[in-house]
There are 4 protein chains.
Amino acid sequence: MRRVLPPDERRAELLTASRAVFAELGYHQTGISDIVDRVGCSRGTFYNYFDSKREVFAAVLETMMGEVTGVIEPIDVTRDIPSQVRDNVERIVRGIMAEDVLRVLFSEAAGIDAEGDELLREFYSGATERIETALRTGQQLGVVRDGDTRLLAWCLLGLLKEPVFQARLYGEDVAVSALVGELLALISSGLLRG
Amino acid sequence: MRRVLPPDERRAELLTASRAVFAELGYHQTGISDIVDRVGCSRGTFYNYFDSKREVFAAVLETMMGEVTGVIEPIDVTRDIPSQVRDNVERIVRGIMAEDVLRVLFSEAAGIDAEGDELLREFYSGATERIETALRTGQQLGVVRDGDTRLLAWCLLGLLKEPVFQARLYGEDVAVSALVGELLALISSGLLRG
Amino acid sequence: MRRVLPPDERRAELLTASRAVFAELGYHQTGISDIVDRVGCSRGTFYNYFDSKREVFAAVLETMMGEVTGVIEPIDVTRDIPSQVRDNVERIVRGIMAEDVLRVLFSEAAGIDAEGDELLREFYSGATERIETALRTGQQLGVVRDGDTRLLAWCLLGLLKEPVFQARLYGEDVAVSALVGELLALISSGLLRG
Amino acid sequence: MRRVLPPDERRAELLTASRAVFAELGYHQTGISDIVDRVGCSRGTFYNYFDSKREVFAAVLETMMGEVTGVIEPIDVTRDIPSQVRDNVERIVRGIMAEDVLRVLFSEAAGIDAEGDELLREFYSGATERIETALRTGQQLGVVRDGDTRLLAWCLLGLLKEPVFQARLYGEDVAVSALVGELLALISSGLLRG
DNA sequence: AATGAATGAGACTTCATTCAT
DNA sequence: GATGAATGAAGTCTCATTCAT
């Protein structure tokens, strides 16, 4: 009944379970019970490793953040740039589509409470900055047209988030390659003809 | 102490207060108390007009939905199309920026509960269909390039939602005209140069 | 919309409606709304005629009490007594079976509140006394065997109430003549053979 | 302040307290507060053990049902039957008289709500069937006269319930032996003389 | 005499968190 | 380090009753 584990393993176990449960039920519908039941430990144990429900959610997001940004490869200016952009977009889309719990982040992480919003700000600040850096580099290389990089970064974020969000809402899967195609077309030449 | 009002006025009063409170605190942080305290009536009165917290949220969204879509003007093909598109985009952006509670819808309405998600689905189905219709018309007119209208509609939604969401997150205001400019540029010719 | 009635008529109308609704839904499930909706008047009007839900229930019971006891015919000792007993039993059974709201009285009137219990006590005191009087008369006539008339009165009450209660519980109707037969057999010679 | 108990004990404690409170106040007048105050634990603790007020009432009834039916001894046909019947009747009467909360069941359990009525139906179905079985056996042994066993079972139920109910109503105690005497006399030879 | 909007106490219930073991 | 019973604040919602009109 009592299962003693080295702290690191127990923590990892709880983190994994939390990620799965948050992904399945969403933040608000998830109870601590759902997490500890999945792990097979007690409520008390959970609180030995995390201070609160929000904290474990934060921890889940943090581990994810690393995984998502890890798939991005820096552009090598000596090689064909468009194909590298395409590859990056595809990797990112695949990455966030695969990460079910991101959908939760994208759709209901806001408004949990004041500290939760702070967490969210940090998350998005990081993401936005990365995108802005990439955009500025592109502008310097003459690949990206001029414009307010912050607004553009938000727009790009929206392009990536919304399909994920909508797909979750309807419980559908999205054809990644089709989506990547549309995104690239949008980025490269917009929506209008001619 | 007791303030008697015609039902329509009381309902409107409650609706307005609800909208304001939801906008300020978000859905989950809002309690019925916050709403009735603002109106200056009793809990019971609230429940004479709405069956539940979710229902009043739904009602708020419904009134908003009308206001937002109301600003869209149908395109007149005998006149200059790009400028009409620009005007519509600007009106929409202004509309949703002005509507604080939309930020709540955009950021935390998901995951309330099963019926709440159904409500959300209806909301987004409606919006997506409208956009798709517009896109298909544009395609027939030769103004919009080919592509999966559903995916494109989602992308457009994302372009509109994300800046609103981000602005709320940081408690900032966005320069509408700058944003409209970037959006139009994105739509008309993408992000990449040449 | 506004329907002005002489007080007596309005009161009678409310009383009739209350009786019907209590009979259908039971005391606890009945709301003032159910009563006034049936009458087609406002809540306020109801409270012009009755002080409370319990009071209208009391009034309903009172009118009923009269109707039920009214069917009992005094025994005429110069005529055949058993057949008069049979006739009375049959009339009583028919009377209480017909009076749907009696089932409510029999099954859930207790425990409403302190005053409600007082009301119930009065109701049953009256009934018990009537039965005891009849029993004592019977004993003096040598028709009824000796015994504690109070306990016997309760037993008779139980014999009358329980079938009504059970029938309501299962939503069934009872064959009155069969029931009367069994009751008379029980009264006249008990349950055991020989 | 915090009192930790093994679940079985806590549950038993809550059950005992519930039984006492229901017996004292009746179902409708009883609040969860009354129960937990008596136990000296928190509302939350109550809900760790029972899902609802109705459920704890059901649990109380269930434990009681067992106690009451447990006192009945099967008739041994090789021994004197009437005295065994007398003993059983006496044990049953004593059993239900001792069980204060049965008075609540007998007087106000109906009409709580749809599920409550279902519970009641099950309770009475069980009781009625037991009695019917006993009656049929008696008929086969030639001890009980012919008759509709269901109606007779209801009559017997009524004979047992009503004195209990009346005693509660007046806050009186009943002389059990006198009652048993009257019941047996009624059963064996009815109410009428000769 | 009639209306019906307003009231508010109090009911039941949930669940993140604590802490004695 | 682990347990899980206990907590209690906070939430939503009901409905008999009141009273301004």
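Letters go in sequence order (proteins before strands), and every chain restarts at 1. None of these values were measured; they are calculated from a predicted model.
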Exercise. When all nucleic acid strands are considered with a 4.0 Å heavy-atom cut-off, which category describes A:P7: base, sugar-phosphate, or nothing?
Worked result: nothing

Exercise. Base, sugar-phosphate alone, or nothing: which one does B:P6 contact when heavy atoms must sit under 4.0 Å apart?
Worked result: nothing

For [N], which nucleotide is its Watson-Crick or G-U wobble mate, given both distances must be under 3.5 Å?
{"N": "F:dA16", "value": "E:dT7"}
{"N": "E:dT21", "value": "F:dA2"}
{"N": "E:dT13", "value": "F:dA10"}

Exercise. Does a salt bridge link D:E67 with D:R19, judged by any charged N lying under 4.0 Å from a carboxylate O?
Worked result: yes

Whole angstroms only, please: what is the [atom1]-[atom2] distance between [X] and [N]?
{"X": "D:F57", "N": "E:dC12", "atom1": "CZ", "atom2": "C1'", "value": "17 Å"}
{"X": "A:Y49", "N": "F:dT3", "atom1": "OH", "atom2": "C1'", "value": "12 Å"}
{"X": "B:E55", "N": "F:dT12", "atom1": "CD", "atom2": "P", "value": "14 Å"}
{"X": "B:R11", "N": "E:dA6", "atom1": "CZ", "atom2": "P", "value": "13 Å"}
{"X": "D:E9", "N": "F:dA6", "atom1": "CD", "atom2": "P", "value": "10 Å"}
{"X": "B:E13", "N": "E:dA6", "atom1": "CD", "atom2": "C1'", "value": "12 Å"}
{"X": "B:H28", "N": "E:dC15", "atom1": "NE2", "atom2": "P", "value": "13 Å"}
{"X": "A:Q29", "N": "E:dT14", "atom1": "CD", "atom2": "P", "value": "13 Å"}

Are [X] and [N] close enough that a side-chain N or O sits under 4.0 Å from OP1 or OP2?
{"X": "C:R10", "N": "E:dA2", "result": "yes"}
{"X": "D:S42", "N": "F:dT7", "result": "yes"}
{"X": "A:T45", "N": "F:dT3", "result": "yes"}

For this session: Taking only heavy atoms on the protein side, list every residue of residues 103-121 of chain C lying under 4.0 Å from any atom of DNA chain F, sorted numerically.
Result: none

Shortest non-hydrogen contact from [X] toward [Y]:
{"X": "D:T45", "Y": "D:L14", "value": "O-CD1, 4.3 Å"}
{"X": "A:V36", "Y": "A:S42", "value": "CG1-O, 3.6 Å"}
{"X": "C:D113", "Y": "D:Q29", "value": "CA-NE2, 3.3 Å"}
{"X": "D:D117", "Y": "D:A109", "value": "OD1-O, 4.3 Å"}

Under-3.5 Å N/O pairs linking protein and nucleotides 17-21 of chain F:
| from | atom 1 | to | atom 2 | distance (Å) |
| --- | --- | --- | --- | --- |
| F:dT17 | OP2 | C:Y47 | OH | 3.0 |
| F:dT17 | OP2 | C:K53 | N | 3.0 |
| F:dT17 | O4 | C:R43 | NE | 3.0 |
| F:dT18 | O2 | B:R2 | NH1 | 3.1 |
| F:dT18 | O2 | B:R2 | NH2 | 2.8 |

For this session: Kindly say whether the aromatic ring centers of C:F106 and C:F165 come within a distance under 6.0 Å.
Result: no

Exercise. Does the side chain of C:T16 come under 3.5 Å of the side chain of C:R38 through a donor N or O and an acceptor N or O?
Worked result: no

Problem set entry | Of C:T30 and A:L5, the one whose closest DNA chain F nucleotide lies more 5' | A:L5

Exercise. Within 45 degrees of the axis of the six-membered ring of A:F46 and under 6.0 Å from its centre: does A:K53 put its NZ or CZ there?
Worked result: no

For this session: Could you walk me through whether A:F57 and A:V104 pass the side-chain contact (heavy atoms from CB on, under 4.5 Å) test, one step at a time?
Result: CA-CA 10 Å; A:F57 187 58; A:V104 177; 4.1 Å; yes

Which atom pairs, one a donor and one an acceptor, fall under 3.5 Å between side chains of residues 5-12 of chain D and the rest of the protein, sequence neighbours left out?
| from | atom 1 | to | atom 2 | distance (Å) |
| --- | --- | --- | --- | --- |
| D:R10 | NE | D:E13 | OE1 | 2.9 |
| D:R10 | NH2 | D:R3 | O | 3.4 |
| D:R11 | NH1 | D:Y49 | O | 3.4 |

